[in-house]
Amino acid sequence: MNKIVNRTQKGVKIAFTGEVKKENIVKMVENCATGQCECMSDATKKKIRNMEVRGEDGAVELELTGDIAKEEIEAALARSKVLNP
């Protein structure tokens, strides 16, 4: 799976391509929204105002809205248990 993180005007967008299932990204977002994920620090979580998943298996986009740095999200992706079982 390839992950490309880009800064946008509203936050950060992550493009997942290759061996990626949309349901896994949705699960990661749900875990984050319910506080079950350990990949982001509490400080980073507080900065995120909205999370939106688009696309389909093989090409999924996750857009995070808020005052978050690209580096914070790259670090969180590296720690994600859903993405790195």
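- Counting heavy atoms from C-beta on, the side chains of V29 and L62 come closer than 4.5 Å.
- Taking each heavy atom of L77 and I14 in turn, the nearest pair found is CD1-CG2, 3.8 Å.
- In terms of the side-chain contact (heavy atoms from CB on, under 4.5 Å) criterion, residue partners of A75 (sequence neighbours excluded) are, by chain and number, R79.
- Taking NZ of K45 as the reference point, atom SG of C39 lies at 7.0 Å (rounded to 0.5 Å).
- Atom NZ of K47 sits about 8.5 Å away from atom CD1 of I68, to the nearest 0.5 Å.
- With T34 contributing its side chain and E30 its backbone, the two residues share a donor-acceptor pair below 3.5 Å.
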Are I73 and M40 close enough, and set up right, to give a side chain to side chain contact (heavy atoms under 4.5 Å, CB included), and what steps lead you there? CA-CA 8 Å; I73 300 306; M40 283 188 209; 4.2 Å; yes
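- For S80, there are no side-chain hydrogen bond (donor to acceptor under 3.5 Å, both in side chains) partners two or more places apart in sequence or in a different chain.
- For the atom pair M51 CE and M28 CE, the distance stands at 9.0 Å (nearest 0.5 Å).
- Applying the side-chain hydrogen bond (donor to acceptor under 3.5 Å, both in side chains) rule to T8 yields no partners; only residues at least two apart in sequence or on another chain are considered.
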Please report the C-alpha distance between L83 and N24 in whole Å, then the side-chain angles of each, then the deciding distance to 0.1 Å, and finally whether the side chain to side chain contact (heavy atoms under 4.5 Å, CB included) criterion is met. CA-CA 8 Å; L83 297 178; N24 288 345; 5.5 Å; no
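- Applying the side chain to side chain donor-acceptor pair (under 3.5 Å) rule to pairs touching residues 9-23 yields nothing, sequence neighbours excluded.
- K27 meets the salt bridge (charged side-chain N to carboxylate O under 4.0 Å, His left out) test with no other residue; sequence neighbours excluded.
- Annotation: side-chain contact (heavy atoms from CB on, under 4.5 Å) contacts of V20 (sequence neighbours excluded): M1, F16, I25, V60.
- With sequence neighbours excluded, the residues satisfying side-chain hydrogen bond (donor to acceptor under 3.5 Å, both in side chains) with E63 are R54.
- In this structure, N50 and E52 approach most closely via the heavy-atom pair ND2-OE1, 4.1 Å.
- Summarising the geometry of R7 relative to G66, their closest heavy-atom pair is NH1-O, 4.1 Å, with the distance given to 0.1 Å.
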